[in-house]
Amino acid sequence: MTHLSVSNVCKSFGSVPVLVDQSLDVEEGEFVALLGPSGCGKSTLLQIINGLVPADRGTILLDGKDITGRTGAGRGMVFQGADLFPWRTALENVAFGLEVMGVGKAERLEQARHYLHLVGLRGFEEAWPHQLSGGMQQRVGIARAFCIRPSLLLMDEPFGALDVQTRDILQDELVRIWEAERKMVLFVTHGIEEALYLADRILVFSKRPAHVLREIVVPFERPRREEMKLDSTFLELRREISDLLRHDIHA
Amino acid sequence: MKLRSRLTNLLGIALMLLLWQLAGQNLGDALLATPVEAARALVATLREPGFWAALWQMMWQMTIGYLLALGIGVPLGIAMGRVPVVDAIVKPWASMFIVVSAAAVVPLFIILMGRGLLFSTAIVFVVTVWYVVVSVTEAARAVSPKLIDVARSFAASDAQRFRHVILPALHPYVMIAARVGFVHALRAMVTAEMFISAGYGGLLNNAGLDLSTAPLFALIVMLMVISLSATTLLRWAADRAAPWYASRTRDR
Ligand SMILES: Nc1ncnc2c1ncn2[C@@H]1O[C@H](COP(=O)(O)OP(=O)(O)OP(=O)(O)O)[C@@H](O)[C@H]1O
Ligand SMILES: [Mg+2]
């Protein structure tokens, strides 16, 4: 049984408090979206969970193990700009995590090939990152995170830099891959529609220092379909979240 | 496109040779030998055994100093770029020594080391090493912190981040430093030899005393050929070793 438990995390940069006593839980196989105004501390929270940024206080438990302040161990991160290694081919980029873990070459390349195919990049194994489009690079970034079979996937605005069409396609791809391999996901986004479309649960954050304004359990069934974006409940929730965020900024 | 830029290059060279020929014919070979005369002198020079001996002596002595400069300059530069303490200690020396030209230190080095192998390799070393250090430092400092974070998020250890991120990120810049460093080294070597009138530098000195400037031009052209072939070779090696960088810079 996998489970993420973040309790009482505090973080200040200098004298600016960014996170104050932040707690959240993610259940096995749950897709949680984090929404909130720019600069409220979503990336900071994700990086603390990832272990890249140290918290001032608080603990992070993954599957019962204390992983506070440590990287690796069951977490895969997808970065906003994909951030592929330019000196590695697409396949070698996907295999990076396994290489760090000491998995042998044949084995890790085979695994990497599987995930590269899964994100629809068959035939691009030997391509250099600069030869791929932004959307393709992000697919490699997703495959790279999946390849280490993490129990928790962290995504910080993974589609933020893409155009609308590519984003729609990649959202569907992500859902498809995730439904085949259900793991916990923390997904930071500015897109209310994106959050409603992808997530089981949405946490709406206030402006800095961030706290959860509202927790919304998304009522739609899976598999999700494009048509649901026209559903009246969908539109209502979208309006509600939008009002919530707007109201908070002017409060 | 490539063919066209090659043609433009050739045209430029032809134009320059033509101007040189015209100027040479007007000034006479005591002042400015024409390219035709220089070419004839070049053929004559290449037939002399003394020329090859001098060239060989210059090249191997220079190579020792050059390889030492790379062998010490690259690790030192990486350390300075990544470790602030090392930078704080070495930086003042680097910025002082980098402005010192070969000609300025030759007299001192002759007093200290005589005129042998130690002297010429030392000159090449001190002139080249600081250039290598400073350019590798800059490159090491500029390694993308984001990519280092990516490696960190996959739990890469210090050694793994060095091996898998810092080294490959530096690779093209080290190759560039090696290329430009070679030119610095060659120049320093020739200067040093001219001071002590030995080897290739000695040939240049003698040719300078000649009534015609043609032999001097022949020797200078040979230097250019050496420098060009070496940098071409180094560029080819760099492209082979870092195909991603070659492909990225070619595609653009
Ligand atoms: N390394 C740092 N040093 C100082 N301040 C920082 C640092 N990183 C983040 N901050 C500050 O912390 C706050 C939260 O930043 P964070 O990047 O977490 O916001 P965010 O919610 O991800 O915003 P966005 O939606 O724009 O990405 C910001 O005010 C930012 O200025
Ligand atoms: Mg952010």
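The figures that follow rest on heavy atoms only: side chains count, while hydrogens, waters and symmetry mates do not. Not measured: the values here are computed from a predicted model. Just so we're on the same page: letters track the sequence lines, and every chain starts at 1.
For Arg70(A), no part sits under 4.5 Å from any heavy atom of chain B, backbone or side chain. Within the 4.5 angstrom heavy-atom criterion, no atom of His171(B) approaches chain A. In this structure, chain A has heavy atoms under 4.5 Å from both the backbone and the side chain of Pro243(B). Contacts between Ala242(B) and chain A at a heavy-atom distance below 4.5 Å are absent for every atom of the residue. Contacts between Leu52(A) and chain B at a heavy-atom distance below 4.5 Å involve backbone atoms as well as side-chain atoms. Residue Asn50(A) touches chain B through its side chain alone, counting heavy-atom pairs closer than 4.5 Å. Proximity to chain B (any heavy atom under 4.5 Å) is shown, for Leu154(A), by neither the backbone nor the side chain.
Side-chain atoms of Lys183(A) come within 3.5 Å of backbone N or O of Pro150(A) as a donor-acceptor pair. Using a distance-only test at 3.5 Å, with no hydrogens or angles considered, a donor-acceptor pair links the side chain of Arg75(A) to the main chain of Gly72(A). With hydrogens and angles disregarded, a donor-acceptor distance shorter than 3.5 Å links the side chain of Glu92(A) to the backbone of Thr89(A). Judged by distance alone, with hydrogens and angles left aside, the side-chain atoms of Ser23(A) form a donor-acceptor pair with the main-chain N or O of Asn8(A) at under 3.5 Å.
Taking all atoms of both residues into account, the shortest heavy-atom contact from Gln57(B) to Gly199(B) is OE1-CA, 4.1 Å.
In terms of heavy-atom pairs under 4.5 angstrom with chain B, the leader among Phe85(A), Trp128(A), Phe96(A) is Trp128(A).
Judged by the 6.0 Å and 45° rule, Arg182(A) forms a cation-pi pair with Trp178(A).
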